[in-house]
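For reference, the structure discussed in these notes is given below.
First the proteins, then the strands, lettered A, B, ... as listed; each starts at 1. If you're wondering where the values come from, they're calculated on a predicted model, not measured in any experiment. Values below: all heavy atoms of this structure, side chains included; hydrogens, waters and symmetry mates excluded.
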Amino acid sequence: MPERIFIGVAWPYANGPLHLGQIAGAYLPADIFARYHRLRGNDVLMVSGTDQHGTPITIRAELEGLTPQQVVDKYHAQYLDVWEKLGISFDRYTTTGTDNHRQVVGDLFLGLMREGLIYPENGEYAYCANDNRFLPDRYVDGTCPHCGFERARGDQCDRCGRTLDPHELIDWRCHICGATPQMRESEHFFFKLSALQERLRQWVESVGQGIWRPNVYGFTMNWLTEGLRDRAITRDVEWGVPLPIEGYDDKRIYVWFEACTGYLSAAIEWSEGRTDGRTWRDYWSDPDTRGYYFIGKDNIPFHTIVWTGMLVGYSDDGNLGQLNLPVNVPANEFLSLEGQKFSTSQNWAVWVPDYLERYDPDPLRYYLSANMPEFGDADFSWREFYRRNNDELVATFGNLVHRVLTLTNRNFEGLVPAAGPLDGDDRALIERASQTLEDVAASLEEPRFREGIGKAMALAADANRYIDLKAPWRTAREDRERTATTLSTALTAIAALKTALYPFMPHASERLHALLGFDSDIMADGWTVNPPPAGQALQTPTPLFTKLDEGTVEREMAILEAQTAR
RNA sequence: GGCAAGGUAGCUCAGCGGCAGAGCGGGCGCUUCAUAAGCGCUAGGUCAUAGGUUCGAAUCCUAUCCUUGCCA
């Protein structure tokens, strides 16, 4: 009986290229999880999209002399290209700029309002009389009252890292014209999170305790223990989703309230015009569907409290019906780069489009899977990348495949040989192969990605040991049946590796599927050991992975240094 | 300043109450089918520091130091 799985992945902010930290934090784990479940025969819907609103984008647009929409279009196209090349297999990847999204946000807003969970309130906000507009926090510059940094912004100081309110700044001024702002009254809507405190706590304790990752559970309970505060959900800006009620044309919905709604609107968008009978309601209203959100740790409270608060509070007699809560939010920690944290402003980053110009996707997927920041921060270094590629991917796995295929090619004219009677060694390896699929599955269900890929690679090492023990290059001279049995058994182990590693390295697995002589879709295999049948013609072996040359690390380090100094 | 996570072999990390582990790297040996790949053996650690609980602590508690992150 197939299970239904909904996977929501963090929405990247369209104000710059993607870096490796974002891939390791959310997109790769989500994709591994999705591919595993699909191969298993489960019914998966994985969605995300570009978050196109918010002041960082309007600021970026002004910086580049573009309109916000042009900035969004540029990066959205780039993200789509990255997903394609890296193999991040979204069922739907959209943006927050669609009419559908606006509609869904409006429905949710009104549903919460009906329940008394959204209310208006007057307050004082920064206003520039010169530009005749309210100023978002980031549109106010000034001197930090804590450290004296002269180029602090109204939301935080980049030097001491403290978060600020705009009016705290010394010599505060408008980011656009430099005039001194004033405080002016404005009416805004607030989300009454305080009213949902107990319902959320009960939910978190019932689904999360002992199941969620410790940091996710701890972080969430911490928020709940400190007490939830109501939060403003509208702003006096032009770039964003309009309110679904009359009389507020100059206001927009604040991004944090609107962006997560994308999980729902993307599913609805995916559903439109389908003819196979699947609909978004299968994933959102069926209580048996399991929902997961893959995000970075900075997003934990928005997903476990704010977004779930919106779902919990929404009245189920609204347009959207009963909405499911997730069963798990496997947030990752952060990835650092050569021991220092990724920094967009200082350009300390490996940008994904740059990576993809120089290297294949799977070595990156492999390294980031084997060293994923699941339970603690992890570090990306080019030295490790080089080592993992050459010593593990090429030497252990790639070479295993290559030596077995070459031996078969040479001794059996490239046809899968029929096995004779199996001895204990043969049976042990075949048993290990199917056991590995079960072990990897168990790890991925948790999910524990590092553990999963480690178990898969252990089978490659076992198979290498088996080959050494059986020495088919020697038996080929006097015992053809023995050689046939050995190679047939080794091919079975390789077939198992193809399946076990598919979620992590789909490109390599599909190549291997073809090398083993299959012309079917790899998805037809399912999560079982499916050895190539005797007599099947193998393709002429070519290496699965490319060995990196000696200069790789030095070259990449030089690039990093150069772009940082720029 | 508060909170959280972390400090374990040269490197990357696992273990989280019962004889210090893995992978890679180093050294030695075996092998030659394979992208000089594979296999075996081996060296290498006061488990940050100081106390405490316990028959027993890398693991639990307290304090201190250091790193990173979040928040004020």
Side-chain angles (χ1 to χ4, degrees), chain A residues 21 25 145-146 155-157 160-165 168 213-223 225-226 229 296-302 331-343 366-412 443 448-451 453-458 460-477 483 486-487 490 494 541-550 553:
Chain A
H146 303 285
D155 58 342
Q156 73 165 42
C157 170
C160 66
R162 289 179 171 89
T163 51
L164 304 168
D165 280 326
E168 289 180 282
R213 291 180 178 170
N215 64 326
V216 177
Y217 187 75
F219 210 96
T220 303
M221 286 309 283
N222 216 9
W223 262 50
T225 304
E226 281 178 11
R229 279 172 291 185
K297 69 175 166 185
D298 51 333
N299 259 323
I300 291 172
F302 282 104
N332 272 354
E333 307 285 305
F334 287 150
L335 188 73
S336 55
L337 171 60
E338 305 288 350
Q340 296 170 51
K341 71 170 179 170
F342 278 79
S343 166
Y366 175 73
Y367 175 26
L368 293 182
S369 299
N371 189 34
M372 190 175 277
E374 290 176 280
F375 299 95
D377 293 349
D379 187 52
F380 178 97
S381 74
W382 284 108
R383 176 145 301 286
E384 270 291 290
F385 172 75
Y386 170 82
R387 184 191 75 67
R388 293 242 187 213
N389 182 78
N390 285 5
D391 296 342
E392 296 182 13
L393 269 191
V394 174
T396 304
F397 176 43
N399 181 58
L400 166 71
V401 171
H402 202 238
R403 69 199 297 213
V404 171
L405 292 186
T406 306
L407 281 162
T408 309
N409 207 35
R410 183 167 308 153
N411 293 296
F412 296 92
S443 296
R448 297 175 77 100
F449 297 103
R450 287 161 89 129
E451 186 181 272
I453 200 167
K455 285 172 177 168
M457 288 300 284
D462 283 338
N464 273 322
R465 261 188 288 279
Y466 168 85
I467 304 274
D468 263 48
L469 180 69
K470 292 303 193 188
W473 52 88
R474 196 178 303 138
T475 60
R477 292 192 284 259
T483 311
T486 299
L487 292 177
I494 287 172
T542 53
L544 269 186
F545 303 101
T546 311
K547 191 158 187 169
L548 295 171
D549 70 83
E550 293 280 344
V553 177

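Scanning atom types as modelled, one donor and one acceptor separated by under 3.5 angstrom connect the side chain of A/Asn399 and the base of B/rA34.
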Next item on the list: I would like to know whether A/Lys470 and A/Thr475 meet side chain to side chain contact (heavy atoms under 4.5 Å, CB included); could you show each step before the answer?
Entry: CA-CA 8 Å; A/Lys470 292 303 193 188; A/Thr475 60; over 6 Å; no
Note to self: Could you walk me through whether A/Val394 and A/Asn399 satisfy the side chain to side chain contact (heavy atoms under 4.5 Å, CB included) test, starting with their C-alpha distance in whole Å, then the side-chain angles of each, then the deciding distance to 0.1 Å, before giving a yes or no?
What the structure shows: CA-CA 6 Å; A/Val394 174; A/Asn399 181 58; 5.7 Å; no
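Closest to the A/Arg448 side chain, of the nucleotides B/rA34, B/rG15, B/rC24, is B/rG15. Out of B/rG23, B/rG38, B/rG40, the shortest distance to the side chain of A/Ala395 is found at B/rG38. When distances run from any side-chain atom of A/Glu384 to the nucleotides B/rA37, B/rC11, B/rG38, the shortest one goes to B/rC11. The side chain of A/Leu407 lies closest to B/rC33, out of B/rC33, B/rC39, B/rA37. Across B/rA34, B/rC39, B/rU31, the shortest atom-to-atom separation from the side chain of A/Arg465 is found for B/rC39.
Separating the CG atom of A/Asn464 from the C1' atom of B/rG23 is a distance of 14 Å, rounded to the nearest angstrom. Regarding A/Ile494, its CD1 atom lies at a distance of 15 Å from the P atom of B/rA34, rounded to whole Å. Between the CG atom of A/Leu405 and the C1' atom of B/rC33 there is a distance of 12 Å, given to the nearest Å. Atom CZ in A/Arg387 sits about 15 Å away from atom P in B/rG10, given to the nearest Å. Computed from coordinates, the A/Asn371 CG to B/rA22 P distance equals 19 Å when rounded to whole Å. Atom-to-atom, CG of A/Asn389 to C1' of B/rU12 comes out at 16 Å; the value is rounded to the nearest Å. Rounded to a whole Å, the CZ atom of A/Phe334 is 19 Å from the P atom of B/rU67. Straight-line distance from the CH2 atom of A/Trp473 to the P atom of B/rC30: 16 Å, rounded to whole Å.
Within the 4.0 angstrom heavy-atom criterion, no nucleotide atom of any strand lies near A/Asn411. Here A/Glu392 lies in heavy-atom contact (under 4.0 Å) with sugar-phosphate atoms only. The residue A/Ala471 sits apart from the nucleic acid: no heavy atom pair falls under 4.0 Å. Among the heavy atoms of the strands, none lies under 4.0 Å from A/Pro472. Residue contacts shown for A/Ala476 are absent, as no nucleic acid heavy atom lies under 4.0 Å away. Counting non-hydrogen atoms under 4.0 angstrom, A/Arg213 reaches nothing in the nucleic acid. Within the 4.0 angstrom heavy-atom criterion, only backbone atoms of the sugar-phosphate kind lie near A/Arg450; the bases stay farther away.
Both distances falling under 3.5 Å, in either a Watson-Crick or a G-U wobble arrangement, place B/rG29 opposite B/rC39. Partner assigned to B/rG18 is B/rC55, using Watson-Crick or G-U wobble distances below 3.5 angstrom. With a 3.5 Å ceiling on both atom-pair distances, the Watson-Crick or G-U wobble partner of B/rG10 is B/rC24. B/rU46: no Watson-Crick or G-U partner with both key distances under 3.5 Å is found in any strand. In this structure B/rG69 sits in a base pair with B/rC3, meeting the Watson-Crick or G-U test at under 3.5 Å.
Residue A/Thr396 is the one, among A/Thr396 and A/Asp298, whose nearest nucleotide of RNA chain B lies closer to the 5' end (criterion: closest heavy atom). In terms of position along RNA chain B, the nucleotide closest to A/Arg477 lies nearer the 5' end than the nucleotide closest to the other residue of the pair A/Asn390 and A/Arg477.
Look at A/Arg213 and A/Glu374 and you find a salt bridge, because one of the NZ, NE, NH1 or NH2 atoms lies within 4.0 Å of a carboxylate O, short of that distance. A salt bridge is absent between A/Arg465 and A/Asp468: the closest approach of a Lys/Arg side-chain nitrogen to an acidic carboxylate oxygen does not fall below 4.0 angstrom.
Phosphate proximity of B/rC33 to A/Arg410: absent, as no side-chain N or O sits under 4.0 Å from OP1 or OP2.
Rounded to the nearest 0.5 Å, atoms OH (A/Tyr367) and CH2 (A/Trp382) are 9.5 Å apart. One distance of note links OG1 of A/Thr408 with CD1 of A/Ile494; it measures 7.5 Å at 0.5 Å rounding.
Taking the C1' atoms as reference points, B/rU46 lies 15 Å from B/rG7, given to the whole Å. Between B/rU59 and B/rC16, the two C1' atoms lie 4 Å apart (nearest whole Å). Comparing the P positions of B/rC60 and B/rC24 gives an interatomic distance of 30 Å, to the nearest angstrom.
Here the side chains of A/Glu384 and A/Asn371 are not in contact, with every heavy-atom distance at 4.5 Å or above.
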